[in-house]
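All values below were derived from every heavy atom in this structure, side-chain atoms included, with hydrogens, water molecules and symmetry-related copies excluded. Along the sequence shown, residues are numbered consecutively beginning with 1. Every number for a ligand or one of its atoms is a count from 1 in the order of the listing.
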Amino acid sequence: MGTTLLLGAGFGGLAAANELKQLVGTQRIVVVDGGEGFRIGATNTWLMLGATGPEVATHSWAGLAAKGIEFVHARIESIDPDIRSVETDAGKLQGDQLVIALGADLNLRAMPGLAEAAHHFYSGGGAADLRDALAAFEGGRVVIVIPRTPYKCPAAPYEAALLLTEFLSKPGRKRPSTVSIHTVEGQPMPTGGTEVGKAVRDLLEGAEIGFFPQMKLERADATTRTLHFEGGEKVGYDLLIAVPPHEPHACVRHAGLLGPSGWVAVDSRTLETPGFENVFAVGDVNGVSLPGRYKPDVPLSMPKAGVMAEAEGRVVAGIIASRLGHGEAATFDGRGSCYLETGGGRALRAEGSFYEMPAPVMRPGVASEAELADKRRWVHETFARLL
Ligand SMILES: Cc1cc2nc3c(=O)[nH]c(=O)nc-3n(C[C@H](O)[C@H](O)[C@H](O)COP(=O)(O)OP(=O)(O)OC[C@H]3O[C@@H](n4cnc5c(N)ncnc54)[C@H](O)[C@@H]3O)c2cc1C
């Protein structure tokens, strides 16, 4: 019997663990995570707007033991891909296969002044703080700034703008509010292509949300409540919400696995790291380059999303199982979908096929109440499926 060591118990790590246990019941599977439990980021906008209940809560990993999956609650300090081992604050762990699924670190300090100036909804804690700030907000200019790509769920800031516009238009505040988005991107959800970009821009326009693309943030000033952009442009705000700059966690940055994208380099079909046999990286932590769309020589990157992390985790489990003599392995097909809530109790779903040539294909669906119900169902089923 061998040991598969899975780093991170989020979408990717949990999917790989569950799938591998199904495929090879005798394999010892050890999952390591230093966090507080499993949350679904797709519910952060609900939490930001005051929702309570199990769907926005952090869920315990305690149920994994009953499935025969070992869970180690420990902080990973370093990773040695040569010998597939990690140092943690609870000691050293080693595996015959190593799956890195540690997600992305959020670093507001990567941009001068942003940590002091901005709220965010990219973690449970951030969304809860923003909920409190919104409760005290008297109205005024709400600015959402996207200073850097890539970031998790390319739809999320646009969804937040639409939901906040609706939320702030309800009576009871001293002043009316405006919402605007200032982004370094050329269009919303650029990997999705012009059709998706136009659909989102139309939604923003319909809700009178200002959209300002290609704006490179240089610094934020909390004292004067001003954002300073490259070229000298200044934007004032009353409430600032930022998409925090994302980067790999320190233990990943120092493991010698990063590619030119700044994320862990992997084979796009097998998710294996080049040069390290049986070391895989799935989900937000990896950087999968996609063919260029706007400029053929400038690659796009695979969107960071839970559905992608989960699909990648299952593919890696299949590859490990097949190397252990259990069945044929499929490779990752680069397909996935994401929801974008539009307000009015509706959501739309965009379906993507990111390995299409000559460029990724993504199609936006139509916003409906049924799609929002579908998202809610997906959230509940995800907890049941992975924990
Ligand atoms: C606002 C928002 C909306 C979103 N909406 C959607 C959506 O609609 N659909 C969708 O598919 N995705 C959505 N996402 C994205 C999705 O949440 C992420 O892409 C997904 O969680 C990535 O899965 P992962 O397994 O790669 O990483 P994660 O789920 O982040 O898991 C990583 C795990 O590693 C652990 N870890 C990290 N560092 C260490 C360390 N040093 N030691 C020990 N443990 C460590 C963490 O505690 C964590 O549990 C959204 C995200 C946000 C923020």
> Under the criterion side-chain contact (heavy atoms from CB on, under 4.5 Å), which of T3, L5, L93, N278 is the partner of R84?
Replying inline: N278
> Under a 4.0 Å heavy-atom limit, does F121 contact ligand 1 with its side chain, its backbone, both, or neither?
Replying inline: both
> Under 4.0 angstrom from ligand 1, any heavy atom of C338?
Replying inline: no
>> Can you report which non-hydrogen protein atom sits closest to atom 49 (O) of ligand 1, along with the distance?
In response: D33 OD2, 2.6 Å
> Can you list every ring-ring contact (aromatic ring centres under 6.0 Å, His included) pair that touches residues 334-371, not counting sequence neighbours?
Replying inline: F332-Y355
>> For ligand 1 and G283, I'd like to know whether there is a polar contact (N/O to N/O, distance under 3.5 Å).
In response: no
>> Side chains of Q97 and T4: any donor to acceptor distance under 3.5 Å?
In response: yes
>> Can you classify the ring geometry of F383 versus H59 as parallel (below 30°), tilted (30 to 60°) or perpendicular (above 60°)?
In response: parallel
>> Using a 4.0 Å cutoff against the non-hydrogen atoms of Y122, which atoms of ligand 1 qualify?
In response: 53 (C)
>> Please list, in number order, the atoms of ligand 1 under 4.0 Å from a heavy atom of H249.
In response: 37 (C), 38 (N)
> For atom 25 (O) of ligand 1, what is the nearest protein heavy atom, given as residue, atom name and distance?
Replying inline: G12 N, 2.8 Å
>> Please list, in number order, the atoms of ligand 1 under 4.0 Å from a heavy atom of G35.
In response: 47 (O)
> To the nearest 0.1 Å, how far is atom 42 (N) of ligand 1 from its closest protein heavy atom, and which atom is that?
Replying inline: I76 N, 2.9 Å
> Side chains of E341 and W46: do they bring a donor and an acceptor to under 3.5 Å?
Replying inline: yes
>> Is it the case that the side chains of T183 and E185 hold a donor-acceptor pair, with the cut-off being a distance below 3.5 Å and no angle test?
In response: yes
> So which protein heavy atom does atom 19 (O) of ligand 1 come closest to, and at what separation?
Replying inline: D284 OD1, 2.9 Å
> Nearest protein heavy atom to atom 31 (O) of ligand 1, by residue and atom, and its distance?
Replying inline: G10 CA, 3.3 Å
> Which one holds for W378 and ligand 1: side chain close, backbone close, both close, or neither close, with close meaning a heavy atom under 4.0 Å?
Replying inline: side chain
> What protein heavy atom sits nearest atom 44 (N) of ligand 1, and how far away is it?
Replying inline: G34 N, 3.0 Å
> Under 3.5 Å, is there a donor-acceptor pair between the E371 and S368 side chains?
Replying inline: no
> Under a 4.0 Å heavy-atom limit, does K304 contact ligand 1 with its side chain, its backbone, both, or neither?
Replying inline: backbone
>> Side chain or backbone, does G8 bring an N or O within less than 3.5 Å of an N or O on ligand 1?
In response: no
>> For the residue pair E159 / T45, report whether a side-chain donor-acceptor contact shorter than 3.5 Å exists.
In response: yes
> Between CG of L7 and SG of C251, what distance do you get to the nearest 0.5 Å?
Replying inline: 7.5 Å
> Could you state the interatomic distance from CD1 (I146) to CE (M215), rounded to the nearest 0.5 Å?
Replying inline: 12.0 Å
> Do the rings of F212 and H182 sit parallel, tilted or perpendicular, given the 30° and 60° boundaries?
Replying inline: parallel
> At a non-hydrogen distance cut-off of under 4.0 Å, which region of A305 contacts ligand 1 (side chain, backbone, both, or neither)?
Replying inline: both
> Of all heavy-atom pairs between Q94 and S85, which one has the smallest distance, and what is that distance?
Replying inline: CG-CB, 4.0 Å
> Counting each atom of ligand 1 from 1 as listed, which ones have a heavy atom of C251 under 4.0 Å away?
Replying inline: 41 (N)
>> To check your reading of the model: name the closest protein heavy atom to atom 10 (C) of ligand 1, its residue, and the distance in Å.
In response: G306 N, 3.3 Å
> What part of A127 sits under 4.0 Å from ligand 1 if we count only heavy atoms: the side chain, the backbone, both or neither?
Replying inline: neither
> So which heavy atom in the protein is nearest atom 1 (C) of ligand 1, and how far is it from that ligand atom?
Replying inline: G41 O, 3.5 Å
